[in-house]
Amino acid sequence: MKRLIIISNRLPFSLDTSGDEVAIRQSSGGLVSALKGYFEQNNNDKAGFDKKIWVGSCDFSQEDWELYKDKLHGEDFDIEPVFIDPDTYSKYYNGFSNSTLWPLFHYFPSLTQYNKDQFDAYYKANRIFAEKITSIMQPGDVIWVHDYQLMIVPSMVRKKNPDAVIGFFLHIPFPSYEVCRLLPREWKRIILEGLLGAELVGFHTYDYAQYFIQTAKMVLGIDTQYNSLQHYNRTVKADLFPIGIDYNKFQNALANPDVISYRQELKKNFGDKKIIFSVDRLDYTKGLNYRLDGYENFLERYPEWKEKVVFIFNIIPSRDSIPTYNERKRMIEEKVSRINGKFSTIQWQPLIYRYNHLHFNELCGLYQAANIALITPLRDGMNLVAKEFVASSFEGGVLILSELTGAASELNEACLVNPTDTEEMADAIAGALSMPQQEQQDRMKVMQKRLSDYNVVNWVEDFLDQLTNVKKEQDRLKMKLLDSKHIEDIRRDFVKAEKRCILLDYDGTLAPFTRMPSQAKPEESLLRFLENITGDNQNEVVIISGRDAETLDKWLGHLNLNFVAEHGAFIKYRGEDWQSQIAVPNDWKNEIRPLLQAFVTRCAGSLMEEKQNTLTWHYRNTHPGLGFIRSRELLNNLSQLTANTPVQVIDGNKVIEVRLTGIDKGITALKVLNQYKPDFTLCIGDDTTDEDMFKALNNNAYTIRIGNHATSANYNILLQTDVLSVLKSILLSVEKSMKQESLLNA
Ligand code: GDG
């Protein structure tokens, strides 16, 4: 059975047990509106889920749940409530979620609290959610975690269920790195690693996704490529999925008799006055104060509109147990009274303020009756109200929208304003009031087309499709992963063979990368292993590296090994001297060296390495963004400088190398094999330069690449730290490997 498990902080309803009959009250809010839309419309969805389950916390006790759960059958989904004790819940929800993450992610660092106790409660609550998910999970389930309250859940679920399919969607903005870095380091790391427990992390806009990728790069130092992030042995994708609305629900409301009569009543009450409308949860991110200032500025500077316009200003109660929210309410109410006091006449009140929930029909009636929707948050992940107003339009209407909402990146035909610029807002209101009807309709049509083409069902399906694709991509890679059965097959051939050649790259394969190339000296365990296998005359072990001959001699020269230095410029067969493979003079380096030196100066942390036949620019220790940009510039410069020369440029793993053409590890590996004519060949490497070997050896060798890159090698090993144990299991006979282990442990 294919099941979709949705996880959000709150279940989409509450239970009212105060009367004789238990009543179910549906909650309002962006996420609930969106997902309910999907569940209701789409019982036979494309993804083919047989069952949908919603996991969330609730405002009823476990006892009440047991009593009333049967009443909840018949919904479009099953319900799995999560019970969190009130103290933890308050610190997790009012505390860390809404007094740390919410203000910070909406660019209100001055309102952000940093409280360890609250972070711990957030961690604990996330763990309770993760445990609940793990307890109901079955193989094949798709897990979709929602929003900022649950950012650690993906990694917690992953830990217990390594093969789980997990998606995460963030409904609020992801802030730029400069803002995100204000969080204490440990919290930042836990949160980012939490998100990277998912396969796919979704955002509303391109910018949010980019900020996330950059922050992950800066904080965790991980590798990224476009929108893929390499986290340990997994590839995680970050992408944008601008949330849609249930478009038809708002279009259908145009023909709903209750909505029509409410709309007509409104129109009758206000006569030919133009209606400006807004509805928001009470929240400092919504820019309510500036909006009132903007309206006041309009009334002052455009007196010709006096008595011809009315602003219906709706506030929906929200988070009233957090002190900041209550203070704001008082400030707003004072401002509303002041504006009304200043401009009202006996027959006209310019502002109608309401502080309560609206019935859906009432909301639609207001959307339809309004000439202008004034939606001006200081920050908003998306803002569904703007989209709902557009979907409700039937004879025009103008959307005035803050440029700092996610919706602004999709609704270009709206009048975009900066929400703090009260003068611009006033001008936009005046402009909208006198905009010709035809222009209003033209703009609306373009936006409506976009909203109906990508509605909430498309949004859900798009996200789930991408999630499946990322998982498939991971599985494809997994099929190449070297497992114990492959090891056994390779080992069997190794044992049978009379002459064996083992070609091993050094950096990133036998030794981990270090800050400075000179620090990557071989570990004692590696030296003992090499000594052990080279003790058998049937084995020819070749260290095939980009390193210079001197370093290889210094670190490994005392062993019974073959060496290839500088990718093949020099070869040293076992017991012989180094032989140069190059007949051309090295004066090309004089041209290239100054350019590389200039890039060292232009990019702090980078360094140039000069070998006899190679010049290398390393940028592993630079700022990741800057290093990458400079490397692209350098490649560009080099391609011009090396045109029509015998020199090639290689774009490696955080290095750019310049060396003579005709020298590569592939050609060199064939030379070595020709020398020894083995009946068993094993070749391991980690870099682009090793791909030459994998291709050249083709089907005549077992080839393995470290990391999860696409490769011509037969297999991948994900981590460099696993290389030695893999080599031991293949190359040491059973008795020898036991002896080796005991030697190592001695
Ligand atoms: C978060 C992000 C993002 C509101 N009051 C009533 C009511 N609503 C409905 C609206 C709309 C929804 O709630 C509000 O959506 P928003 O997008 O404005 O905001 P948040 O709830 O803060 O949601 C936000 C969203 O997630 C989705 O990803 O857009 O940026 O902050 O659908 O119609 N509906 C009714 N009565 C009300 O009183 N019937």
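Along the sequence shown, the residues carry numbers beginning at 1. Order of listing sets the numbers, starting from 1, for every ligand and every atom in it.
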message: Just so I know, are the side chains of Y211 and V179 near enough to count as touching, which here means a heavy-atom distance under 4.5 Å?
response: no
field: Polar contact flag, side-chain donor to acceptor under 3.5 angstrom, Y206-N227
entry: no
- prompt: Taking atom 2 (C) of ligand 1 as the point of reference, which of K387, H171, K286 owns the nearest heavy atom?
  reply: H171
statement: Numbered in order shown, the ligand 1 atoms found under 4.0 Å of a heavy atom of G381 are 30 (O)
- prompt: Would you say E362 contacts ligand 1, with heavy atoms under 4.0 Å as the rule?
  reply: no
query: Side chains of D462 and Y454: do they bring a donor and an acceptor to under 3.5 Å?
result: yes
- prompt: Applying a 4.0 Å heavy-atom criterion (strictly less than), which segment of L358 is in contact with ligand 1: side chain, backbone, both, or neither?
  reply: both
message: Please determine whether a side-chain nitrogen of the Lys or Arg among E410 and R450 lies less than 4.0 Å from a carboxylate oxygen of the Asp or Glu.
response: no
Interfacing atoms of ligand 1 (cut-off 4.0 Å, heavy-atom, D380): 24 (C), 30 (O), 31 (O)
- line: ligand 1 to R281, heavy atom cutoff 4.0 Å, flagged ligand atoms 21 (O), 22 (O)
- prompt: How does I243 reach ligand 1, if at all, at less than 4.0 Å between non-hydrogen atoms: by side chain, backbone, both, or neither?
  reply: side chain
task: For the residue pair Y92 and F129, categorise the inter-ring angle as parallel (less than 30°), tilted (30 to 60°) or perpendicular (more than 60°).
output: tilted
Test: R10 and D59 ion pair at under 4.0 Å: no
- prompt: Of all the atoms in ligand 1, which lie at a distance below 4.0 Å from a heavy atom belonging to F360?
  reply: 39 (N)
- request: Kindly assign one of parallel, tilted or perpendicular to the pair W65 and F60, based on the angle between their ring planes and the thresholds 30° and 60°.
  value: parallel
query: Under 3.5 Å, N or O to N or O, is E388 touching ligand 1 that way?
result: yes
- prompt: Does one side chain, of N9 or Y89, offer a donor that lies under 3.5 Å from an acceptor on the other?
  reply: yes
message: Evaluate N356 for polar contact with ligand 1, using N/O atom pairs at a separation under 3.5 Å.
response: no
message: Quick check: H106 and ligand 1, any N/O pair under 3.5 Å apart?
response: no
- prompt: Between W102 and ligand 1, which residue portion shows a heavy-atom distance shorter than 4.0 Å: side chain, backbone, both, or neither?
  reply: side chain
query: Would you say V279 and ligand 1 have an N/O pair spaced under 3.5 Å apart?
result: no
- request: Determine whether the side chains of D207 and T205 contain a donor N or O and an acceptor N or O closer than 3.5 Å.
  value: no
- prompt: Quick check: does I316 get an N/O under 3.5 Å from an N/O on ligand 1?
  reply: no
